[in-house]
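Here is the structure we will look at, set down as structure tokens.
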There are 4 protein chains.
Amino acid sequence: MPYRTTDRTRDKKDAKRTAMMQAAARVFAEKGYHAATVRDVVSAAEVAIGTFYFYFPDKETLFVYLYEETADFLLRAIEQGLRRGDDLPGRFAAALQSFVNIATYEPAVVQLLLVGGVGAVPALAESRGRFRNDLADLWQDVLDEALNRGDIPSQNTRLTAQGLAGAFDEIVLHLLSLPEPSLVAAAVIQEMTAFALRSAGYKQ
Amino acid sequence: MPYRTTDRTRDKKDAKRTAMMQAAARVFAEKGYHAATVRDVVSAAEVAIGTFYFYFPDKETLFVYLYEETADFLLRAIEQGLRRGDDLPGRFAAALQSFVNIATYEPAVVQLLLVGGVGAVPALAESRGRFRNDLADLWQDVLDEALNRGDIPSQNTRLTAQGLAGAFDEIVLHLLSLPEPSLVAAAVIQEMTAFALRSAGYKQ
Amino acid sequence: MPYRTTDRTRDKKDAKRTAMMQAAARVFAEKGYHAATVRDVVSAAEVAIGTFYFYFPDKETLFVYLYEETADFLLRAIEQGLRRGDDLPGRFAAALQSFVNIATYEPAVVQLLLVGGVGAVPALAESRGRFRNDLADLWQDVLDEALNRGDIPSQNTRLTAQGLAGAFDEIVLHLLSLPEPSLVAAAVIQEMTAFALRSAGYKQ
Amino acid sequence: MPYRTTDRTRDKKDAKRTAMMQAAARVFAEKGYHAATVRDVVSAAEVAIGTFYFYFPDKETLFVYLYEETADFLLRAIEQGLRRGDDLPGRFAAALQSFVNIATYEPAVVQLLLVGGVGAVPALAESRGRFRNDLADLWQDVLDEALNRGDIPSQNTRLTAQGLAGAFDEIVLHLLSLPEPSLVAAAVIQEMTAFALRSAGYKQ
DNA sequence: TATGAATGAGAATTCATTCAT
DNA sequence: TATGAATGAATTCTCATTCAT
């Protein structure tokens, strides 16, 4: 998912800012935070280097923006997926479908989000924490609902949610490492769903 | 008497190499790959900068060594844990105990292993792939054994293993982010075990 | 008003580039390629070190540029000298006058061109080959013309031209090693001319 | 001509010193003074780095030794050639034969002597001056003798000698740049001799 | 707003040299 | 004599950032 204009970028007229964010997404995904230079970003966006500093205070801040917007985008997509289903299996399947769609469409950006960046940018630790938390919230909400309905046994739904978030990342990252992810995506989604249901103790 | 490479000399050399590796582990864990300079490492190890380049070809190679040794160490610890138990619950519990022990003892290094470094060092992508693979192998072996015994239902044990590996990382990283991990470690291990057993579909 | 690349800006840029080249010529001539540091060059040019790398890709490339421009300058001066005379003696005398003028005016740079640099900069081997070739071409052209006019006997004019090029270098370098080159320059030019005429077998 | 034991190396038992000098000749010829490291030299000589500093005060001094011994060797070979002939043509031909022999046998070392090194090692300027002087002395002696015999017209034999020294260098270096120097060596020697005789004004 | 020339702190790395053994 | 581990000054080059235009 290349950078997409969210509420954070109000000014829709501002094509340059958007161009730079999109360029940054590409460049950071391709080279990693440190290897990617501000010059790479502005070259890709076809603006001058001075322009960069008119729109962003510095390279690190841009990266944090990018991380957060990418995280937001993914969270929202998963959230919408969860709403699409009506029972636990349907919700898991739809949400994982969304996740995998995005991951196969923009593998580099997703990888950056899931394993890159952290460690490179200290300021990101906090953002990452928030992202993982929000992600767990998402899964926990459906689990709690299922718990209330009596579809899953009593458990620490927070921990289950965290476990699922980690499990999905691992499986999706492995999927991306295959030569043709799209060929097996459907099967993987199905098995991930089965895994998730077992993890939650879903009966029948 | 001409200079001889005595045992004493060799021992001293090994000791210095080890000291530098340990110093590097500390420094990289604290600052991340890029922010940590070779000068930081040699200061921490109390040797001259030239000494660094006598032992290691460059900063990146040292980092890869460090990553691989840390990964090996963790893998071996988990493997030993798995051998300690006799049924699936016992094995999971013992292996997770080992994992959590190491993570709480050397949180920074484990964090570096699990979320740092990748992206910063291209050469690490391969090492990381191998590590995740080996880790999945470990969990898969016990799952396959349980499957053969009829303790868990038919399933794609590879995918379950990957899911567990990712789930454990996420939960342990979250544990490390708490103010006093050791206070809840025992409870978390127990719940992770329960999660793992459910994920595998373990009956009874 | 957005920034525009005006003529004034461009001129200033050219001026800075030229200043750096001249500073580099001085520094390299004084210290030799390796002993001269990029810092020496930028100090002499009174710019920051980053400015150097804005104008030139690296130290070696600058040196090659410098070598080639100096070689060009010398070649052009000799060529003009050759055109000034009308017969062989007149042409030799005028060309050698030009050569010696430049050599006494910029002794260090000429020495750098004739004996420095090669060996230090592998990339220079090719440039040097081209320079010696062009130089031989110059002398050969006049020799061939004299041969056609019947002023000199049949001979391998290429080899004669190479010999003259080498001979002039040696004599001029020796001249530069004297305490007061300018005092004997006129006499040396005359004797070099006589040497050259004999070498070509010029009659009368 | 790899380094050969002269009176400068009295101690013929000292195989290590000789090995290092020969290794140095090879290494410097191949890489140039600065690119060649002391480590390269000792590796090639198969001794330890400490040993180097037992035999030579430093890298620069070794290089000067090498330059001087190589120069000596070449001078002596030319001198012997000059003695082999009995008239000017015979002497020139024999001396040039010696020069070309050495040059084709050890091209890299001769190139190092003729165009390398200077500029890299300030201390070499003096050695080079002495070498060029000695070389001119050699040619001048035969010219003076010919002058006394009345074989050549009155002239500044010093300048002629310098010119010849330079001319020969240029022609030989060009010869070495050809793909198969040995195939044309004989013809080049003959033409160089003719050139030299014309330059001296030798009659008939 | 937009530009890009200019800056310089700071990083990795090299390599001649020393010296305890 | 001989060794090679250890040193650290010195060098090249990068790149985020500034600012006059």
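Note on naming: letters A, B, ... go to the chains in the order of the sequence lines (proteins, then strands), and numbering restarts at 1 for each one. Everything numeric here is computed off the predicted structure, so don't read it as measured data. Atoms considered below: every heavy atom in the structure, side chains included; atoms not considered: hydrogens, waters and symmetry mates.
Put simply, CZ on B:Phe56 is 14 Å from P on F:dA5, counting in whole angstrom units. E:dT14 atom C1' lies 17 Å from atom NZ of B:Lys59, rounded to whole Å. Atom-to-atom, CZ of A:Phe54 to C1' of F:dT18 comes out at 15 Å; the value is rounded to the nearest Å. Here F:dT1 presents its P atom at 7 Å from CG of D:Asp14, a figure rounded to the nearest Å. Between the CD atom of B:Glu46 and the C1' atom of F:dT7 there is a distance of 15 Å, rounded to whole Å. Spacing between atom CZ of A:Phe28 and atom C1' of F:dA16 amounts to 12 Å, rounded to whole angstrom units. Atom-to-atom, CZ of D:Phe52 to C1' of E:dC15 comes out at 12 Å; the value is rounded to the nearest Å. The CG-C1' distance, from A:Asp40 to F:dA16, rounds to 13 Å in whole Å.
Among the atoms of the strands shown, base atoms are found under 4.0 Å from some heavy atom of B:Thr51. Residue-level contact check: A:Ala35 touches neither bases nor backbone, having no heavy atom under 4.0 Å from any strand. Among the protein residues, D:Tyr55 comes within range of the sugar-phosphate backbone only, with heavy atoms under 4.0 Å from sugar or phosphate atoms but none that close to a base.
You'll find that the side chain of D:Val47 is closest to F:dT3, out of F:dT3, E:dA11, E:dA16. Closest to the D:Ile49 side chain, of the nucleotides F:dA6, F:dG4, E:dA2, is F:dG4.
Pair check for F:dT21 finds E:dA2; Watson-Crick or G-U wobble, both atom distances under 3.5 Å. Figure legend. F:dT14 is base-paired to E:dA9; pairs are counted as Watson-Crick or G-U wobble with both atom distances under 3.5 Å.
Remark on DNA chain F: of its neighbouring residues B:Gly50 and C:Arg39, the 5'-side contact belongs to B:Gly50, judged by nearest-heavy-atom nucleotide. Nearest-nucleotide positions on DNA chain E for B:Thr37 and C:Ala48 put C:Ala48 closer to the 5' end.
OP1 or OP2 of E:dA2 sits under 4.0 Å from a side-chain N or O of A:Lys16. Between C:Tyr53 and the phosphate of F:dT14, there is no side-chain N or O to OP1/OP2 separation shorter than 4.0 Å.
Ring pair C:Phe63/C:Tyr67: centre-to-centre distance not below 6.0 Å.
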Next item on the list: For side-chain hydrogen bond (donor to acceptor under 3.5 Å, both in side chains), just list the numbers for C:Asp40 and C:Ser43, CA-CA rounded to whole Å, side-chain angles, deciding distance to a tenth of an Å, and then say yes or no.
Entry: CA-CA 5 Å; C:Asp40 289 335; C:Ser43 298; 5.6 Å; no
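Judged by distance alone, with hydrogens and angles left aside, the side-chain atoms of C:Lys59 form a donor-acceptor pair with the main-chain N or O of C:Ala36 at under 3.5 Å.
Using a cut-off of 4.0 Å between Lys/Arg side-chain N and Asp/Glu carboxylate O, A:Arg132 and A:Glu126 are scored as not salt-bridged.
In this pair, B:Phe28 and B:Tyr33 present their aromatic rings parallel. The plane angle is below 30°, not in the 30 to 60° band.
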